[in-house]
Amino acid sequence: MTRAAEPAPMRPYPTLADAARVWARIGLLSFGGPAGQIALMHRILIAENRWLGEKRFLHALNYCMVLPGPEAMQLAVYIGWLMHRTLGGIIAGLFFVLPGVVAIMALSWIYALFGALDWVEAVFFGLKAAVLAIVLQALLRMGNKILTHRTLVAVAALSFLAIFVLGVPFPLIILGAALIGLAGARVAPAAFRTGGHGSAGASDDADTILALYPERQPTARRGYALRISALFLALWLAPVAALFLLLGPANVFSQIAAFFSVLAVVTFGGAYAVLAYVAQEAVQNYAWLAPGEMLDGLAMAETTPGPLIMVTQFVGFMGALREAGDLPPLMAATLGGLLTTWVTFTPCFLWIFLGAPYVERLRGNPQLGAALSAITAAVVGVILNLALWFALHVLFAEFRPLRLLGLEGEVPALASLDWRAAGLVLLAVLLAFGAKTGPVALLAISAAAGLGLYFLT
């Protein structure tokens, strides 16, 4: 008589130390912008560790897409919270951003000390071409994944026209897209069901850690959610209030704290969607840095691990460097960069700890799914605006004002086209789309090409 096969032992639930090691690995390897970071988390958390399944992952991602701020970092906090509650979310978020904080700060110091050197400028000149190619890759990747119905294509097109032609603020675009999605869920549900990250056909969530240990999953407790949210609200806004009271609203540190705190609330769609607004305000209104320096900062963020929105640390660094007052310039710059990072990323924990418990209850809700699909389609249009803004500022050195049909703007002066920049952009695009070169190699080759042009011309 043969013996019946014994069932396979159930996999143990990962400890907090196990989770810390996983999140540290993700933080150190999170190159390539939000698309690459989300893909990295998908591979490590789903394919390798089976912490959660496809549907659960995409539901969390859809919620993070609708939040202001960096969706990849917020996704890490969300999944960390799912696995180990509040402490798990804090560990996930900190490990996700700390490598980038250190790297961007080091590069900002190098830029401040040696950025005026011609060969350093040549390196960043080449990096800008690679950044443009990477943004175009992200745009096409998201477009192919999200714009799966002509209705969603129309939402993306309207979003682009609203921001590029009419200058409609990001929050209004996101609100309008959400309303279109909610209406579409009633009128044409199939058009919105196919879009966004949560497409039909996602794999089952069975045989995952969260499925095997349902008792370990956090529940929505209103009192606790309000208490932890109040704590992070105080951690975020208390330093801002203190700066206003001690230094006054005209001080550069007060301006940095206020601007990036507002940014944390009103900007949606992740880093690529936000950067056009950051560039406009930091360059044109506050004069903290020049358009070319903004692209240099993005090149830094592309070459280092962590969220692309970490470029804001460079913006705060440069703003405080140039308005240091009585402080040593580099000390002021360091404080300005760290202050920017604090008010940019602290709210991310607040949004997740306050909203995630209730969003978990809405998994499978068709109205929410349709609204999120429309929002992600609108984000594609916003990123197209960013890509065009980058392209114009990489290729052209001068712009002239334009007034048409009552709208004011600026257009590039065609005679100011930089043929060296055009050649570098062509090289970067061919490497990215033709040779399928990875982002890190693409940035290295473009930097070398920029340096080569410096020695040849």
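All figures in this text were calculated on a predicted structure; none of them were measured in a lab. What you see below is based on every heavy atom in this structure, not just the backbone, and it leaves out hydrogens, waters and symmetry mates.
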Could you check whether any side-chain N or O of [X] sits under 3.5 Å from a backbone N or O of [Y], counting only pairs where one atom can act as donor and the other as acceptor?
| X | Y | value |
| --- | --- | --- |
| W342 | L235 | yes |
| T437 | L431 | yes |
| S108 | F314 | no |
| S446 | L442 | yes |

List the steps, then state whether side chain to side chain donor-acceptor pair (under 3.5 Å) holds for Q313 with T341. CA-CA 6 Å; Q313 179 174 286; T341 299; 2.6 Å; yes

Using every non-hydrogen atom in the two residues, find where [X] and [Y] come nearest and quote the distance to one decimal.
| X | Y | result |
| --- | --- | --- |
| A371 | A178 | CB-O, 3.9 Å |
| S30 | F96 | CB-CE1, 4.1 Å |
| P239 | A234 | CD-O, 3.9 Å |
| G297 | V311 | C-CG2, 3.3 Å |

Step-by-step side chain to side chain donor-acceptor pair (under 3.5 Å) determination, S261 to W236: CA-CA 8 Å; S261 291; W236 169 25; 3.2 Å; yes

In Å, rounded to the nearest 0.5 Å, how long is the span from [atom1] of [X] to [atom2] of [Y]?
| X | Y | atom1 | atom2 | answer |
| --- | --- | --- | --- | --- |
| L107 | D296 | CG | CG | 11.0 Å |
| E71 | C348 | CD | SG | 10.0 Å |
| L132 | L424 | CG | CG | 11.0 Å |
| R43 | I26 | CZ | CD1 | 9.0 Å |
| I173 | I163 | CD1 | CD1 | 4.5 Å |
| N385 | L161 | CG | CG | 10.5 Å |

Decide yes or no for [X] and [Y]: does some side-chain heavy atom of the first lie under 4.5 Å from some side-chain heavy atom of the second?
| X | Y | answer |
| --- | --- | --- |
| Q255 | E323 | yes |
| L330 | L113 | yes |
| F164 | L384 | no |
| W23 | M41 | yes |
| H84 | I91 | no |
| F317 | I104 | no |
| V343 | V240 | yes |
| R56 | L82 | yes |

V252, L339, N251, I256 screened by side chain to side chain contact (heavy atoms under 4.5 Å, CB included) with L243, the one that passes: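 Among V252, L339, N251, I256, the one that satisfies the side chain to side chain contact (heavy atoms under 4.5 Å, CB included) with L243 is L339.
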
Please lay out, stage by stage, how L395 and D418 fare under the test side chain to side chain contact (heavy atoms under 4.5 Å, CB included). CA-CA 5 Å; L395 296 174; D418 189 333; over 6 Å; no

Begin with the C-alpha distance, continue with both residues' side-chain angles, and end with the deciding distance and a verdict on side chain to side chain contact (heavy atoms under 4.5 Å, CB included) for C64 and I352. CA-CA 8 Å; C64 296; I352 298 300; 4.1 Å; yes

Evaluate the ring planes of W288 and F260, with Trp represented by its six-membered ring, and classify them as parallel (under 30°), tilted (30 to 60°) or perpendicular (over 60°). parallel

Taking the inter-plane angle between the rings of F349 and F232 on a 0 to 90° scale, is it parallel (under 30°), tilted (30 to 60°) or perpendicular (over 60°)? parallel

Kindly say whether the aromatic ring centers of F353 and Y224 come within a distance under 6.0 Å. no

Would L231 and R227 count as a side chain to side chain contact (heavy atoms under 4.5 Å, CB included) here? Give the steps. CA-CA 6 Å; L231 173 62; R227 288 195 299 273; over 6 Å; no

Derivation of the side chain to side chain donor-acceptor pair (under 3.5 Å) call for S229 and W351: CA-CA 8 Å; S229 300; W351 310 144; over 6 Å; no

Take V315 and T340, measure what side chain to side chain contact (heavy atoms under 4.5 Å, CB included) needs, and give me the verdict at the end. CA-CA 8 Å; V315 175; T340 302; 5.9 Å; no

